[in-house]
> 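For reference, the structure I am asking about is given below.
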Amino acid sequence: MVLGPIDYTIIIVYLIGTVAFGAYIGRKIKSGKDYFLAGRSLPWWAIGMSLVVSDIGAIDMVGIAGSAYLYGIVLGNYDWLGSVPVMIIGAFLFIPMFWKRKIATIPEWLGARYNSSVQTTSALIWGIYMPISLGIILYASAVMLNVLLDLNPKILVISDEKAIVENIAHATNAKKYDFIYSGTIDDAVQKANDRNPIIIFIDNSAFTTADYQQLFQDKPLVYFSKEEVSPSWGESNMHRAREPDWDIFYSIVLMGLIIGVYTFLGGLRAVVYTDVIQCIVMLGGSLFVLFFGIYKLGGVTEFADIIGAMGERTKDHFSLVLPVDTKTPHPWSGILFGLGFVLANAYWLGNQAIVQRSLGARSMADAKASYIFGALLKILIPFAMVIPGIIALAHNPAIADADKAMATLIKDIMPTGLLGIFFAAFLAGLMSSVDTYLNSAATVWTTDLYKKFIRPVADDTHYLFIGRLFTVVFILVAIYVARFATRFESIYDLVQTLLSFFQGPSLAIIVLGVLWKRATGPGALAGLIGGVAFSSLLIWVNNNATIPLFQVSEPFLYVALWSFILSLTLTIVVSLYTKQEPDEKLKGLVYRYDCLLY
């Protein structure tokens, strides 16, 4: 299905409306407090919806649906096990403590609980990670934009064997192109005229090496045999392709500029209130895709039969629990211990981009309620994101790049009119993820680094200026970083791998800081630095050893678990051998076992 005039109208109105709404909300911003924490005026329902739409934005809409296309319903654990329980715990234990301290960032809380060195180290980690994550999210946004608008350069493959398309896709960088298959010359001529490919590959074992150049006009032709298809073959032959009319980098820049404008103008308040609209549009649109997609396949039974008929490829696609020796990145042991005990807790209790919203709540009750409301909404996410990824597999099992699965499904099954609405829904999630990390990165760099080391004393309007300046800088950095995301097979696995470097150690010092008054600054610093170094070592050894340390393809769950254990141990041991923090310093920062705050 191709976008019609009504679809483009809906998309343009939505984009202009979102930017205008964000700018309108930001018109009263006068200080850094307004920009970074929305003047501590946000209601629980707005924060709760913002939490959910930010979490399930670009990475989930593109990445988790793509991972579900590859691995199945097991991805639902990231919400049912990895979000709901920890959000409830956080609502009653951690979030009230953070809010009561009147902080703007998690590193700022670590500085108050431990010392300046821990604050600075944590701020540098987050300050480096978030611009990189921004780039990945921008790339995910561009992927969705290109697929839905049919902007990707096309490669036409003519062969009597459809499976060869997947081999050529891997040999020529599947993320950059859309691949079109044709089994006959006549059909290929028609598709070449309609889709305008940048290069055409012709299987010489199925078709003679006759001169087809006249049939395909000025389009480059490459004759090949199945045996010679390889990455080196793909790289050499793609140099013969004509220049595409539209490059994905253009989409990256376009998305960056649109989102950057309203984040620059409106700060956290604009981010949260535009997220409310985006949450409604995105959840409604995604759930419609679920029901309409199953309907188009012929019902639930037919859907299950199609997946089951794919044999070994999909034998575990409807299993929430996968064996320890699975080749996927999601074994039950990693899900339970790495996700359930570490990554999920670190994400919802220590991720600056997430927690910052609750810090802008108008009251402690609103801060608590926002997490509870968000947890209830998160129950719906596997239905809205994971199962549609499996529906995309049933609809088209030959998608070369799994990260394009959801966008391909939407484009193929939605009629004109509805397609524009769902394009807006997916655009909503993509925009929410970018504005979240953009505002949070500016907050960390302004509050924990610039204000601390460069200009500790200045009026609040100065910090507003610096925050906006960082917003501009980080959108430019993200645009640059986004160009490198095409090198990874799964966007979702890439983000989880990056988080596994430091989420385990970060969680260890936060949990010990809140629950154990004996934890000290030197102990936390040793645990944080030692844990990050250990994560890096595990990943390096696993990637370079003759026999990998872990059986799974992407061991981020295990890396997070073991780095958490090491960091916990280091922090405890060093703390016991260093001077205890005075009780006066710990007031309001440590949760006592008699359930009273210091």
> Inspect the contact between Asp275 and Arg357 and indicate whether a charged nitrogen and a carboxylate oxygen are less than 4.0 angstrom apart.
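Answer for the salt bridge query: yes.
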> Using distance alone, with no hydrogens and no angle criterion, decide if Ser333 and Tyr558 have a side-chain donor and acceptor under 3.5 Å apart.
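Yes, side-chain donor-acceptor contact under 3.5 Å.
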> Using side-chain heavy atoms (C-beta onward) and a distance below 4.5 Å, is Ile248 in contact with Tyr139?
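Heavy-atom side-chain distance check passes, below 4.5 Å.
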> Just by distance, do the side chain of Trp80 and the backbone of Ile379 share a donor-acceptor pair under 3.5 Å?
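Yes, the answer is positive, given that a donor and an acceptor are paired below the 3.5 Å cut-off.
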> Check whether any side-chain heavy atom of Val324 sits under 4.5 Å from a side-chain heavy atom of Trp332, and report yes or no.
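Heavy-atom side-chain distance check passes, below 4.5 Å.
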> With rounding to the nearest 0.5 angstrom, report the CG to CD1 distance, Leu343 to Ile335.
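If I round to the nearest 0.5 Å, the distance is 9.5 Å.
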> Can you name the residues that form a side chain to side chain donor-acceptor pair (under 3.5 Å) with Lys226, not counting sequence neighbours?
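Checked Lys226 against side chain to side chain donor-acceptor pair (under 3.5 Å); matches are Asp203, Ser205.
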> Would you indicate whether the side-chain heavy atoms of Val52 and Phe373 approach each other to under 4.5 Å?
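With C-beta onward as the side chain, the pair stays apart.
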> Is there a side chain to side chain contact (heavy atoms under 4.5 Å, CB included) between Leu409 and Asn396 once you walk through the steps?
CA-CA 8 Å; Leu409 175 68; Asn396 183 357; over 6 Å; no
> Can you give me the closest heavy-atom contact between Ala91 and Tyr371, atom names plus distance?
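Heavy atoms of Ala91 and Tyr371 come nearest at CB-CB, 3.8 Å.
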> Answer yes or no: is there a side-chain heavy-atom contact under 4.5 Å between Ile155 and Met238?
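The answer is yes, as the side chains (C-beta and beyond) meet within the 4.5 Å cut-off.
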> Would you indicate whether the side-chain heavy atoms of Ile391 and Ile294 approach each other to under 4.5 Å?
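SC-SC contact between Ile294 and Ile391 confirmed.
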> Can you confirm whether more than 12 heavy atoms, excluding those of Glu235, are under 6.0 Å from its CD atom?
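Atom CD in Glu235 is not packed in, count stays at 12 or less.
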> Looking at CG of Leu93 and CD1 of Ile89, how far apart are the two atoms once the value is rounded to the nearest 0.5 Å?
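Interatomic distance, Leu93 CG to Ile89 CD1, rounded to 0.5 Å: 8.5 Å.
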> Can you confirm if the aromatic rings of Tyr78 and Trp348 lie within a centre distance of less than 6.0 Å?
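No, they do not, as the ring centres are separated by 6.0 Å or more.
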> Got a donor-acceptor contact below 3.5 angstrom from the Ser370 side chain to the Ser358 backbone?
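It does not hold such a pair.
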> Any side-chain heavy-atom pair from Leu528 and Pro505 closer than 4.5 angstrom?
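Yes - at least one pair of side-chain heavy atoms lies under 4.5 Å apart.
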> Ile128: what forms a side-chain contact (heavy atoms from CB on, under 4.5 Å) with it, not counting sequence neighbours?
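side-chain contact (heavy atoms from CB on, under 4.5 Å) list for Ile128, sorted by chain: Ile132.
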> Rounded to the nearest 0.5 Å, how far apart are CG of Leu336 and CG of Leu81?
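Leu336 CG to Leu81 CG: 7.0 Å, rounded to 0.5 Å.
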> Could you walk me through whether Ile280 and Met49 pass the side chain to side chain contact (heavy atoms under 4.5 Å, CB included) check?
CA-CA 8 Å; Ile280 295 170; Met49 297 174 81; 3.4 Å; yes
> Considering residues at least two apart in sequence or located in another chain, which fulfil the side-chain contact (heavy atoms from CB on, under 4.5 Å) criterion with Leu549?
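Expected list: Leu538, Val541, Asn542.
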> Taking only residues two or more places apart in sequence, or in another chain, which ones meet Asn345 in a side-chain contact (heavy atoms from CB on, under 4.5 Å)?
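Residues passing side-chain contact (heavy atoms from CB on, under 4.5 Å) with Asn345: Val86, Leu349, Leu507.
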> Show the nearest heavy-atom pair for residues Pro388 and Pro382, with the distance to one decimal.
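Here Pro388 and Pro382 meet closest at CD-O, 4.4 Å.
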> OG/Ser563 to CG/Leu537 distance, rounded to the nearest 0.5 angstrom?
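Atom-to-atom, Ser563:OG and Leu537:CG are 11.5 Å apart.
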> Taking ring-ring contact (aromatic ring centres under 6.0 Å, His included) as the definition, give me every residue that meets it alongside Phe201, ordered by chain and number, with sequence neighbours left out.
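Applying ring-ring contact (aromatic ring centres under 6.0 Å, His included) to Phe201 gives Trp233.
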> Which residue in the set Leu70, Val74, Ile73, Leu393 passes side-chain contact (heavy atoms from CB on, under 4.5 Å) when paired with His317?
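Only match with His317 under side-chain contact (heavy atoms from CB on, under 4.5 Å): Leu393.
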> Which pair of non-hydrogen atoms, one from Ile164 and one from Phe224, has the smallest distance, and what is that distance?
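Scanning both residues, the minimum pair turns out to be CG1-CE1, 3.9 Å.
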> Look only at the side chain of Tyr177 and the backbone of Ile198, and say whether a donor-acceptor pair between them is shorter than 3.5 Å.
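Between the backbone of Ile198 and the side chain of Tyr177 there is no qualifying donor-acceptor contact (under 3.5 Å).
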> Would the distance check show the side chain of Glu302 and the main-chain N or O of Gly299 forming a donor-acceptor pair, the cut-off being under 3.5 Å?
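Side chain of Glu302 to backbone of Gly299: no pair is present.
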> Determine whether Ile106 and Asn351 make a side-chain contact, defined as any pair of heavy atoms from C-beta on separated by less than 4.5 Å.
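Of all side-chain heavy-atom pairs linking Asn351 with Ile106, none is under 4.5 Å.
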> Go through the structure and list residues passing side-chain contact (heavy atoms from CB on, under 4.5 Å) with Phe288, not counting sequence neighbours.
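Phe288: side-chain contact (heavy atoms from CB on, under 4.5 Å) contacts with Phe292, Met414, Leu418, Phe422.
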> Looking at residues at least two apart in the chain, or sitting in another chain, which of them share a salt bridge (Lys or Arg N to Asp or Glu O under 4.0 Å) with Asp316?
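Salt bridge (Lys or Arg N to Asp or Glu O under 4.0 Å) list for Asp316, sorted by chain: empty.
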> Flag the pair Phe501 / Val559 as yes when at least one side-chain heavy-atom distance between them is below 4.5 Å, and no otherwise.
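The answer is no; the side chains never approach within 4.5 Å.
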> Any chance CZ of Phe318 has more than 12 other-residue heavy atoms, nucleotides or ligands included, within less than 6.0 Å?
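Yes, the 6.0 Å shell around CZ holds more than 12 heavy atoms from other groups.
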> Using atom types as modelled and distance alone, determine if a side-chain donor or acceptor of Ser567 lies under 3.5 Å from a backbone N or O of Phe564.
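No; zero donor-acceptor contacts below 3.5 Å.
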> Is atom CZ of Phe291 surrounded by more than 12 heavy atoms (other residues, nucleotides or ligands) closer than 6.0 Å?
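Counting neighbours around CZ of Phe291, 12 or fewer heavy atoms of other residues, nucleotides or ligands fall under 6.0 Å, so no.
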> In chain order, what residues pass the side chain to side chain donor-acceptor pair (under 3.5 Å) check against Gln356, with sequence neighbours excluded?
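Residues passing side chain to side chain donor-acceptor pair (under 3.5 Å) with Gln356: Gln352, Asn439, Ser440, Thr443.
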> Taking it one step at a time, do Leu283 and Ile381 satisfy side chain to side chain contact (heavy atoms under 4.5 Å, CB included)?
CA-CA 8 Å; Leu283 264 182; Ile381 302 309; 3.8 Å; yes
> Identify, with sequence neighbours excluded, every residue that meets salt bridge (Lys or Arg N to Asp or Glu O under 4.0 Å) alongside Asp187.
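By the salt bridge (Lys or Arg N to Asp or Glu O under 4.0 Å) rule, Asp187 matches Lys191.
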> Side chain to side chain contact (heavy atoms under 4.5 Å, CB included) for Trp562 and Phe337? Distances and angles first, verdict last.
CA-CA 10 Å; Trp562 287 112; Phe337 298 109; over 6 Å; no
> Can you name the closest pair of heavy atoms from Ile199 and Ala241 and give their distance?
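Closest heavy-atom pair between Ile199 and Ala241: CB-CB, 3.9 Å.
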> Calculate, to the nearest 0.5 Å, the distance between atoms CD1 and CG belonging to Ile565 and Leu568 respectively.
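Between Ile565 CD1 and Leu568 CG, I get 8.5 Å after rounding to 0.5 Å.
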> Would you please name every residue forming a side chain to side chain donor-acceptor pair (under 3.5 Å) with Ser506, sequence neighbours left out?
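Applying side chain to side chain donor-acceptor pair (under 3.5 Å) to Ser506 gives none.
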> Of all residues at least two apart in sequence or in a different chain, which pass the side chain to side chain donor-acceptor pair (under 3.5 Å) check with Ser232?
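Partners of Ser232 by the side chain to side chain donor-acceptor pair (under 3.5 Å) criterion, ordered by chain and then number, come out as Ser230.
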> Can you tell me how far the OG atom of Ser50 sits from the CD1 atom of Ile277, to the nearest 0.5 Å?
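Output value for this atom pair is 12.0 Å.
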> Which pair of heavy atoms, one from Ala478 and one from Leu134, lies closest together, and at what distance?
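So the minimum-distance heavy-atom pair works out to CB-CB, 3.6 Å.
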> Without swapping roles, check the side chain of Tyr181 against the backbone of Ser159 for a donor-acceptor pair under 3.5 Å.
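Here the side-chain-to-backbone pair exists.
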> Taking only residues two or more places apart in sequence or in another chain, which ones pass salt bridge (Lys or Arg N to Asp or Glu O under 4.0 Å) with Lys154?
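Lys154 satisfies salt bridge (Lys or Arg N to Asp or Glu O under 4.0 Å) with Asp150 only.
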> Taking all atoms of both residues into account, what is the closest heavy-atom pair of Gly76 and Val386, and its distance?
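Of all heavy-atom pairs spanning Gly76 and Val386, the closest is N-CG2, 3.9 Å.
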